Every structure is written in C-alpha cells, then in structure tokens.
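Here's the structure, in structure tokens; my notes come after.
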Amino acid sequence: MEGFYHDLPLIVCLCAFGVLAVLAAYALGRSTWKTRFMIRIEQPGKKGRAVPGQLGEVASLGMVCILLILVDYFTPNAFVLDLLQEHSIYAWIVGSALAVGIVAYSLSVCAKVRSKEEREPEYCGELLRGYLVYNGYSLVMYSFITLMVALISWQFFMQAQQIQASNNGIQAIFAAFQDLADPSWQIASSYSEVIYGRTLVGSSIIMSQIGTLLLIIFSVFLAYFAITFTPLSQVYEKGAVRSVHVAFLGSLVFVGVLAWIIYFTTYASFFDRSLAQLETFRPLVETGDAESISLYNTLMLDLHKHRGPTGFILTLTNESGWLVILIAAVRWLLGRKAAMDNKASTEKIADETA
C-alpha cells in the first residue's frame, strides 16, 4: 500500500487546486457567472430556491476525488504515480487532448453567447474571464475520471497477466511430469494435488479480476447515493440525478455481461485444461491404494463443481459478488423509501389544496 500513500498527497493537492480554480472563476465572472450558473431547484408545492453554482461544482469535485481515492486504494497493483511514470507519453497525450478539448469548448460557449444570445461585450468578457480559470477545474475533474478508468483497466490487465502466469505454471508442472521416465502412482497422485491447488489459486485470481470490475458499480453507486439520498441532493438538478441513475444501471449490465464473457473465455477453459491434464493421471493413480484413489476422485469432483456456472456464481458470491447483492438491496430499499416519501408529500399537498 506504499504506492497509495504516495498518491494521496497528489490527489488532494489537485483537488484543492480544482476548488480554488472554480471559486476564482466565479469571482472573476462576477454577476454573469452567479446568475448564469445558478442552480434552481423546483420543489413540489413549495417555492423554488436557488443554490450557488460553485457549491455544486465543489461538491461534484469532492465526490469524484473521494471515488478516485477509493479506486486507488482498492487496486493493489495499480497506482496513480506508477501509472503516470510508466505511461508518461500516453499521459501527456491524454492530458493535452483533455486540455485542448476543454479550452475549445469554453471558447465555443463564449462565441455562441456572443453571436446567438447577442449579449453585451461586458457580459461576454466576464463569461470568458471566468472560463479561463474554470478550465483548470474542468481539467482536474476530467483527469480524475480518466484516472479512475485507467486504474481499473490497469488492475484488470495486471491480473490477466497473473492468470496467464498461473496457467503457465500449471503447464510447466504437467510438462515436468511427462518428462519422467517411469512415474509411479504415488508421484502421479502428488502431481495431481499440486495441479489441483494451482488451479484453485488461478481461479481466485480470475475472481479478483471480476472483483476489480465491481469497482465500477461501487463507484457509480456511491455517486448515485450521494446525489440522491444525502444533503448533496440539494445542489443537483433532476437531470443530473437521472443521468447517474442510468449510469448505475448501465454499469450493472456492463459488468454482468463482461463477467459472463470472462467465464466462457477464461474461467471455464482454465478449468478444462487442468481437468484434461488431471485425467491423464487416472490410469496411474488407480493402480494405487484406496485412499489415493478416493482423494483423486474428490479433487476431480471439486474442480468439476467449480468449473460449472453454478460453481462460478457461488465462488463469485463468496469472493466479492456479495457487494453487488448488497448494493442492489440497498438501492431497492432506498428506492422504496423515496417512493413512499414522494407519495406522502403528494398526499400532503393534495390535503392542503383541498
């Protein structure tokens, strides 16, 4: 975890820079920014209220910063500084592309306001001055989101390499057995136990790889929870809440589909290779004593159970799949609570109107 503690000061400093940038933007933009980006919240049966735009901006950056810290913590083989150092060229390319895109967008907004809205030069000047500083905030925000995706992807591919190394290790053990001139049933039994153990270790790495993907669901769920069921909901419009809700459902579908792709392309074939290798030990093992034969059959049966779809689901649940079940349960309970609160509010308004 040493890499995480090296990343933490960098993430916090960048977050602080983003906060200062957005506050400076609203200060330089003066009344133009305060009125144009004011968050207006409609409340059924009540007078709508306005929230300063910079409050929502700071809340968004703080939430994304916390999510990045959590992702960095839960990806033990991927860290921000290591990622930037090992892939510095790509980091510069992506960072430059983000910067160019952000600046181009801000200039296009100012040009659109000047031409289509026909605003006064003073209004356009304040808008542009604010954007010149606000671009720093946008760069930090989108860099954080990009880093989250990069960390999860890097961790995923690092685990893919570990899976390949585990598979190569099993192949080497089997090759060593085949090189033996006249192996006995005791040796065959010992080799079968080693391959069995290595197979279970390899399958746990595959499960960890799927667990890494669950960070996507976890991150989006935390964002959805924060802007829906906490005081932060007061600084977000309904459109933003719906967007995060759609992203949460989309992440569930994406990870679910990808998990089954991993099952068919990696998990099942990994077990199939080990089972095929262990099957070649059967003639020798069956010449041994009853205890060895029983142990061999037990190992084969256990691998067959793990290899099937039911074994895959049970293993995933035992490893990290419980997180999805917990998130789904919490999401359902919170949804019911929100529906009941809306119903009570509607009934109260109807009674007051009557």
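Computed from a predicted structure; not experimentally measured.
Every side chain to side chain contact (heavy atoms under 4.5 Å, CB included) that Q161 has, sequence neighbours left out, goes to M158. C65 meets the side chain to side chain contact (heavy atoms under 4.5 Å, CB included) test with I11, C15, I69, F144; sequence neighbours excluded. Not counting sequence neighbours, the partners of R273 by the side chain to side chain contact (heavy atoms under 4.5 Å, CB included) test are N167, Q171, S269, F270. The side chain to side chain contact (heavy atoms under 4.5 Å, CB included) check on I261 picks up V257, L258, T265, with sequence neighbours excluded. For Y137, the side-chain hydrogen bond (donor to acceptor under 3.5 Å, both in side chains) partners at least two apart in sequence or on another chain are E57. By the side-chain hydrogen bond (donor to acceptor under 3.5 Å, both in side chains) test, D179 is found to be paired with no residue, residues two or more places apart in sequence or in another chain being considered. Contacts of S138 classified as side-chain hydrogen bond (donor to acceptor under 3.5 Å, both in side chains), with partners at least two apart in sequence or in another chain: none. Under the side-chain hydrogen bond (donor to acceptor under 3.5 Å, both in side chains) criterion, N297 pairs with R282, sequence neighbours left out.
Membership of the apolar cluster around V133 extends to L28, as traced through chained side-chain contacts below 4.5 Å between ILVMFWY residues.
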Sequence neighbours excluded and cut-off under 3.5 Å, please list the side-chain donor-acceptor pairs for residues 84-97, or say none.
from	atom 1	to	atom 2	distance (Å)
S96	OG	W92	O	2.7

Distance-only check: which donor-acceptor pairs under 3.5 Å involve side-chain atoms of residues 146-157, not counting sequence neighbours?
from	atom 1	to	atom 2	distance (Å)
T146	OG1	Y142	O	2.7
S153	OG	V149	O	2.8
Q155	OE1	N77	N	2.9
Q155	OE1	A78	N	3.4
Q155	NE2	N77	OD1	3.1

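The CG atom of L128 sits 11.0 Å away from the OG1 atom of T32 when rounded to the nearest 0.5 Å. The CE atom of M207 lies 8.5 Å from the NE2 atom of H306; values are rounded to the nearest 0.5 Å. Taken from OG in S292 to CD in Q186, the straight-line distance is 7.0 Å, to the nearest 0.5 Å.
Under the salt bridge (charged side-chain N to carboxylate O under 4.0 Å, His left out) criterion, the residue pairs touching residues 296-308 are D272-R307, with sequence neighbours excluded.
Aromatic ring orientation, F177 versus Y191: tilted (interplanar angle from 30° to 60°).
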